[in-house]
Amino acid sequence: VREVEPLLQQAEAQYEMSSQTPASRELAGFAAAIRAFFAMMAGEDARALELAERAESLLPESSVHARWLLPYTTGTAHRSRGQYDKAAEEFARQARVGEEFDNLIVWGTGVTAVALVRRAQGRLNETSKICRQALDKLKKRGADQFGSLAKLETPLVEVLREQNELEEA
């Protein structure tokens, strides 16, 4: 983490950050998004949310990578603060970005995070429904064997275990 900030500063030094060109705004937005992510990873949730808001204001809609990273960052920060509904909204936004850009990993990460939040809230039936719908979607797309998307099964199995449906789990 300590090595990231000097690299961001070096990248920012390449542009005149005081100018408001689209390129300089996008670079400043990317830098804010990356700083927000690392603040979230360090447990600095308030800082992460502040930096993510700044990034949102600077980045164009076409910044796909930052557009999925921001809701993941803010969702995780809200979840760690116990703000589960806000977290679920952000993770759902991440899933929509993944769907919009046909990125199953981004979509699956967002859907899984929504399911985990709902499970943490004790909303077991909703968690089960979310996971089953997501797994059905993957099966229809022929992507149900992708190991990196198996994380969608984890909240479902946990719910089934809690409901004493051990055979199905």
Side-chain angles (χ1 to χ4, degrees), residues 1-121 126-127 130-131 133-134 137-138 141 143 146-152 154-155:
V1 173
R2 282 180 262 130
E3 297 171 9
V4 172
E5 186 59 32
L7 294 173
L8 290 172
Q9 290 174 1
Q10 185 178 11
E12 289 171 324
Q14 300 297 314
Y15 282 89
E16 180 60 44
M17 297 311 289
S18 62
S19 71
Q20 289 296 311
T21 66
S24 66
R25 285 181 57 81
E26 187 167 11
L27 178 63
F30 271 122
I34 292 167
R35 287 182 176 111
F37 176 78
F38 280 104
M40 177 270 298
M41 295 292 286
E44 300 171 7
D45 298 325
R47 179 165 159 66
L49 293 169
E50 177 185 309
L51 288 165
E53 186 176 319
R54 174 170 164 65
E56 289 274 6
S57 72
L58 293 168
L59 287 166
E61 288 297 318
S62 61
S63 295
V64 177
H65 296 294
R67 289 286 168 204
W68 75 259
L69 182 62
L70 288 169
Y72 176 80
T73 300
T74 55
T76 302
H78 285 304
R79 183 177 56 202
S80 75
R81 298 175 108 187
Q83 299 170 328
Y84 295 117
D85 288 330
K86 284 183 180 181
E89 288 174 23
E90 290 299 307
F91 292 133
R93 185 166 66 111
Q94 177 188 354
R96 286 191 302 273
V97 169
E99 194 161 18
E100 180 181 342
F101 292 99
D102 200 30
N103 185 318
L104 286 176
I105 299 298
V106 171
W107 171 81
T109 300
V111 171
T112 301
V114 171
L116 290 169
V117 166
R118 295 305 184 218
R119 182 178 170 272
Q121 291 177 301
E126 186 177 349
T127 302
I130 290 167
C131 292
Q133 287 175 343
K137 180 177 182 165
L138 290 176
R141 296 216 31 204
F146 290 172
S148 58
L149 294 171
K151 61 186 163 195
L152 280 163
T154 303

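Positions are given from 1 along the sequence. Since we're looking at a predicted model, the values are computed, not measured.
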Quiz item: Given V117 and H78, is the side chain to side chain contact (heavy atoms under 4.5 Å, CB included) satisfied, shown in steps?
Solution: CA-CA 10 Å; V117 166; H78 285 304; over 6 Å; no
Quiz prompt | E100 side, atom CD; E61 side, atom CD - distance, nearest 0.5 Å | solution = 8.0 Å
Quiz prompt | K151 vs T109, side chain to side chain contact (heavy atoms under 4.5 Å, CB included): CA-CA, chis, key distance, verdict | solution = CA-CA 8 Å; K151 61 186 163 195; T109 300; 2.6 Å; yes
Quiz item: OG1/T76 to OH/Y72 distance, rounded to the nearest 0.5 angstrom?
Solution: 4.5 Å
Exercise. Indicate yes or no: at least one non-hydrogen side-chain atom of L51 is less than 4.5 angstrom from one of F38.
Key: no
Quiz item: What pair of heavy atoms forms the shortest contact from L104 to A143, and how long is it?
Solution: CD1-CB, 3.6 Å
Exercise. Check whether any side-chain N or O of S57 sits under 3.5 Å from a backbone N or O of R54 as a donor-acceptor pair, and report yes or no.
Key: yes
Practice problem: To the nearest 0.5 angstrom, please state how far the CD1 atom of I130 sits from the CG atom of L152. | Solution: 10.5 Å
Self-check item: Residue Q121 excluded, over 12 heavy atoms near CD under 6.0 Å
Solution: yes
Quiz item: What's the shortest heavy-atom distance between L69 and A33, and which atoms?
Solution: CD2-O, 4.2 Å
Quiz item: So, does R67 use its side chain to make a donor-acceptor pair with the main chain of L59 at under 3.5 Å?
Solution: yes
Exercise. With rounding to the nearest 0.5 Å, note down the distance linking CE in M40 to CG in L70.
Key: 10.5 Å
Quiz item: Rounded to the nearest 0.5 Å, how far apart are CH2 of W68 and CD1 of I105?
Solution: 10.0 Å
Self-check item: Under 3.5 Å: donor-acceptor pair, side chain of R35, backbone of V4
Solution: no
Practice problem: Report, as yes or no, whether the 6.0 Å neighbourhood of atom CD on Q9 holds more than 12 heavy atoms from other residues, nucleotides or ligands. | Solution: yes
Self-check item: Nearest non-hydrogen partners of V111 and A134, listed with the distance
Solution: CG1-CB, 3.7 Å
Exercise. For the pair D85 and R79, find out whether any cationic side-chain nitrogen is under 4.0 Å from an anionic carboxylate oxygen.
Key: no
Quiz prompt | Atom of R119, atom of T127 and distance for their closest heavy-atom approach | solution = N-OG1, 3.1 Å
Quiz item: Do NZ/NE/NH1/NH2 and the carboxylate oxygens of E56 and R93 come within less than 4.0 Å?
Solution: yes
Quiz item: Can you name the nearest heavy-atom pair linking P155 to C131, along with the distance?
Solution: CB-SG, 3.8 Å
Exercise. Please determine, by modelled atom types, if T74 and K86 share a side-chain donor-acceptor pair under 3.5 angstrom.
Key: no
Quiz item: If you look at every heavy atom in A120 and Y84, which pair is closest and at what distance?
Solution: CB-CE2, 4.4 Å
Practice problem: Give a yes-or-no answer on whether the side chains of S63 and E26 include a donor-acceptor pair shorter than 3.5 Å. | Solution: yes
Self-check item: Interatomic spacing from CZ in F91 to CG in L116 - rounded to 0.5 Å
Solution: 8.5 Å
